[in-house]
Every structure is written in C-alpha cells, then in structure tokens.
J.: 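Let me begin by handing over the structure; questions about it come next.
Reminder, nothing fancy here: chain letters follow the sequence lines and each chain counts from 1.
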Amino acid sequence: MPTKRRRVQATDQEETVEKKVSRILNENDSVSSKYFQSKKMRLLSDFYNKPCIELAKSFLGQVLVRRLPDGTELRGRIVETESYLGGEDEASHSRGGKRTERNVAMFMKPGTIYVYQIYGMYFCMNVSSQGDGAAVLLRSLEPMEGLDTMRVFRNVKRNVQKPLKDKELCNGPSKLCQAFAIEKSFDRHDLTDDQNTWLEAGPEILEEDIVSCPRIGISNAGDWTRKPLRFYIKDNEFVSVRDKAAETSSVNA
DNA sequence: CATCTGATGTGCT
DNA sequence: GCACATCAGATGA
C-alpha cells in the first residue's frame, strides 16, 4: 500500500505542469477529458517516407491538427485510412501512372496533402506516401479538441441545425474535411512544413488491433475492388463503417 | 440494423 | 455526356 501511494503522488507531481499548460490552452475551447492528449510534436519527413500500405497503418493513432486563423487548434486522432497505390491500382486516381492537374499532389514528396472534390459538394483529404502516385485517404477521426468548433463547421456546411453527436463529427472522409474546414486550397500543402495543418504523434497502435478490409465506395476496379486496403482501429466507435466479416476472420489470422 | 435515393458540379473521355 | 474514394434522410425489418 505505501508503494502504491508513493507512486500516485509522484504521478500527480509529474502531471502538474502538464495539467497547468493544458488548462491554459483549453480556456478558449472545449477539450473533453475522455480523450487522450497528443504529445504536441509535429511528425517530420521520415514518418511519411514509407510505402503506402505501411503509412496507412502508421497513420492510425496519430493526431491531425488544424490551426485556425484565430489561433484555435482542432485535434483529431486518425482511426481509419485507405491506401491508393497508384500505377496498377485500378481504383486510384493515378491508375496507369496517369498524372493530371487534379492529382499531381499524389506524385509529390511524401507528406504532401492531396485534396479533391467529389460529387460536386464534398472534399476528401489524402497524404502522399513513398511510391509514384501513391497516397493515403484519411477516412475517420476521433475528435479530441475543438469539438464545439467542429460542430459549428459541420452544421454550417450542411445548412442544418440538428445537433450532432461526437461520433458524427468526423466519421467519414468528407465529414472530417467539413469539421476541420479543409478545402481545395489545402491541396499540395506540406504536412511537414505547413503553419495551418500538421500531424502529431499519438500512442502506437498494435498490429493485432488493426482491421484490414476492402475499401469503401469502390466498384468496377476489377480485382482491386476487393483488396484489403482499408485499415481501421478495431472496436473504435468513430470509424465510419465497420466490416464485421473482416473483424471475425482476423481473429484467426 | 440494411438498403435505397436525390443532391450537386467538376474532371476527364 | 457521364462517372464519381459521399452524405443525409427515408423506408422496411
């Protein structure tokens, strides 16, 4: 018992400074205590310089940060991604090595943001990886900081006043762009060197907690339609679509 | 829960 | 012309 008490006291002392900083930072916006805090250190080039599938898995658990013009910072933990390999990947915008004005960011250095518009009214955010025309689509975030602001952005974009639950803020590629106010102008920005957008390190996600399954919204891509190139954190409630079949089969893997 | 449908406009053939 | 890495609301079980 004395050992336990001493450890608790030491922990409390260690957290004092961090708690103070956190309290000051949080005075301007809401931070829910049920979400963990990131280490607030920007991820640099080495992190992004990996093959596409490896990067898509590495993104899980990392924290996307968006700094708004008024200084407000939004944070969300990445919980779902998809790989688009380029070249032979028939579902990729860069299939067959096709390079256009729209998708040129996919061919830029790892860590470059690729934003494209879809269905006339939505945006999707990708990050280029190692490999020609390869990129990772960010599909879902677990909101951590700035939830009130995210809710406002989402309601403004949707032109609806229905209150959104936390899990509805960022559980889809275009929802997270709305919540973080990420638009076409972010295309070709560099996550390792951008003042408004970057990634911070979060806790490592174990391989056994990653579910691999087919990508969402892909059809007519031949064999590539079913390849397991979507990755998400198992049992995370902020994932957009759970694949029950993949979750049960991975138990035996 | 699963499945369906309308909205909406740009990029590319 | 048409396909489209989506979303929200509606409907049925």
Side-chain angles (χ1 to χ4, degrees), chain A residues 52-53 55-57 59-60 64 78-107 112-129 131 133-141 143 150-188 212-232 235 237-248:
Chain A
C52 195
I53 292 175
L55 183 62
K57 292 182 179 180
F59 272 158
L60 299 178
L64 177 66
I78 299 171
V79 299
E80 179 185 359
T81 60
E82 282 179 3
S83 278
Y84 287 86
L85 307 186
E88 57 178 355
D89 184 353
E90 288 297 318
S92 175
H93 290 170
S94 54
R95 73 187 80 90
K98 185 178 63 173
R99 185 191 309 225
T100 65
E101 178 66 19
R102 175 176 67 151
N103 74 0
V104 67
M106 298 181 87
F107 294 86
T112 302
I113 299 174
Y114 168 44
V115 177
Y116 68 90
Q117 192 175 21
I118 187 67
Y119 295 107
M121 53 210 311
Y122 300 113
F123 295 103
C124 291
M125 174 179 175
N126 302 250
V127 181
S128 72
S129 70
V136 176
L137 171 70
L138 303 187
R139 278 200 60 91
S140 294
L141 308 177
M150 295 180 199
R151 225 177 301 274
V152 169
F153 282 153
R154 288 272 286 129
N155 277 331
V156 167
K157 307 282 183 186
R158 299 186 315 140
N159 198 23
V160 174
Q161 57 268 58
K162 171 195 159 202
L164 291 170
K165 299 171 187 169
D166 290 359
K167 60 161 31 175
E168 296 174 314
L169 291 174
C170 304
N171 63 334
S174 296
K175 294 180 189 178
L176 73 86
C177 285
Q178 288 183 344
F180 276 61
I182 290 170
E183 308 180 354
K184 186 65 181 171
S185 62
F186 284 64
D187 187 50
R188 305 176 199 182
S212 304
C213 58
R215 294 172 288 189
I216 299 287
I218 304 297
S219 58
N220 303 324
D223 296 339
W224 290 89
T225 301
R226 300 181 193 281
K227 287 187 188 291
L229 294 174
R230 182 165 75 104
F231 309 99
Y232 65 86
D235 295 329
E237 64 172 323
F238 298 91
V239 167
S240 66
V241 183
R242 293 179 62 172
D243 189 320
K244 195 175 176 184
E247 290 184 19
T248 53

J.: Reading 5' to 3' and counting Watson-Crick or G-U wobble pairs with both distances under 3.5 Å, write the dot-bracket notation for DNA chain C, | for bases paired outside the strand.
T.: ||||.|||||||.
J.: Considering only heavy atoms, which members of residues 82-94 of chain A lie under 4.0 Å from some atom of DNA chain B?
T.: none
J.: Nucleotide range of DNA chain B contacted by chain A, 5' to 3', under 4.0 Å to a heavy atom?
T.: B/dA7 to B/dT13
J.: According to salt bridge (Lys or Arg N to Asp or Glu O under 4.0 Å), who are the partners of A/Lys227, at least two apart in sequence or on a separate chain?
T.: none
J.: What residues in residues 220-230 of chain A put a non-hydrogen atom under 4.0 Å from any atom of DNA chain C?
T.: none
J.: A/Glu168: what forms a salt bridge (Lys or Arg N to Asp or Glu O under 4.0 Å) with it, not counting sequence neighbours?
T.: A/Lys162
J.: Assign A/Arg215 to base, sugar-phosphate, or nothing according to its heavy-atom contacts below 4.0 angstrom with the strands shown.
T.: nothing
J.: Using whole Å, report how far CZ of A/Arg154 lies from C1' of C/dA8.
T.: 9 Å
J.: Without placing hydrogens or testing angles, list every side-chain donor-acceptor pair under 3.5 Å for residues 112-125 of chain A, not counting sequence neighbours.
T.:
{"unit_1": "A/Thr112", "atom_1": "OG1", "unit_2": "A/Lys109", "atom_2": "O", "d": "2.6"}
{"unit_1": "A/Tyr114", "atom_1": "OH", "unit_2": "A/His93", "atom_2": "ND1", "d": "2.8"}
{"unit_1": "A/Gln117", "atom_1": "NE2", "unit_2": "A/Gly120", "atom_2": "O", "d": "2.8"}

J.: Over all strands shown, is A/Met125 touching base, sugar-phosphate only, or nothing at heavy-atom distances under 4.0 angstrom?
T.: nothing
J.: Judged by each residue's nearest nucleotide on DNA chain B, which is more toward the 5′ side, A/Lys184 or A/Tyr122?
T.: A/Tyr122
J.: Round to a whole Å and report the spacing from NZ of A/Lys98 to P of C/dC4.
T.: 11 Å
J.: Does A/Asp89 have any salt bridge (Lys or Arg N to Asp or Glu O under 4.0 Å) partners at least two apart in sequence or in another chain, and if so, which?
T.: A/Arg215
J.: Within the pair A/Arg95 and C/dA5, is there a side-chain N or O less than 4.0 Å away from OP1 or OP2?
T.: no
J.: Going by side-chain hydrogen bond (donor to acceptor under 3.5 Å, both in side chains), name the residues that satisfy it together with A/Thr81, two or more places apart in sequence or in a different chain.
T.: none
J.: Provide, to the nearest angstrom, the distance between the CG atom belonging to A/Asn103 and the C1' atom belonging to C/dA5.
T.: 13 Å
J.: Who passes side-chain contact (heavy atoms from CB on, under 4.5 Å) against A/Val152, sequence neighbours left out?
T.: A/Val156
J.: Which residues satisfy the side-chain hydrogen bond (donor to acceptor under 3.5 Å, both in side chains) test with A/Arg151, sequence neighbours excluded?
T.: A/Asp166
J.: Is it true that, when you exclude A/Arg188 itself, more than 12 heavy atoms of the residues, nucleotides or ligands shown sit nearer than 6.0 Å to its CZ?
T.: yes
J.: Can you find a pair of side-chain heavy atoms, one from A/Phe238 and one from A/Leu176, that are under 4.5 Å apart?
T.: no
J.: Rounded off to whole Å, could you give me the CG-to-C1' distance for the A/Asn171 and C/dT6 pair?
T.: 12 Å
J.: What's A/Leu137 touching, base or sugar-phosphate or nothing? Going by heavy atoms closer than 4.0 Å.
T.: base
J.: Sequence neighbours left out, what passes side-chain contact (heavy atoms from CB on, under 4.5 Å) with A/Ala135? Give chain and number order.
T.: A/Met106, A/Asn126
J.: Calculate the interatomic distance between A/Lys165 atom NZ and C/dC7 atom P; express it in whole Å.
T.: 17 Å
J.: In the structure I gave you, are the side-chain heavy atoms of A/Phe180 and A/Cys170 within less than 4.5 Å of one another anywhere?
T.: yes
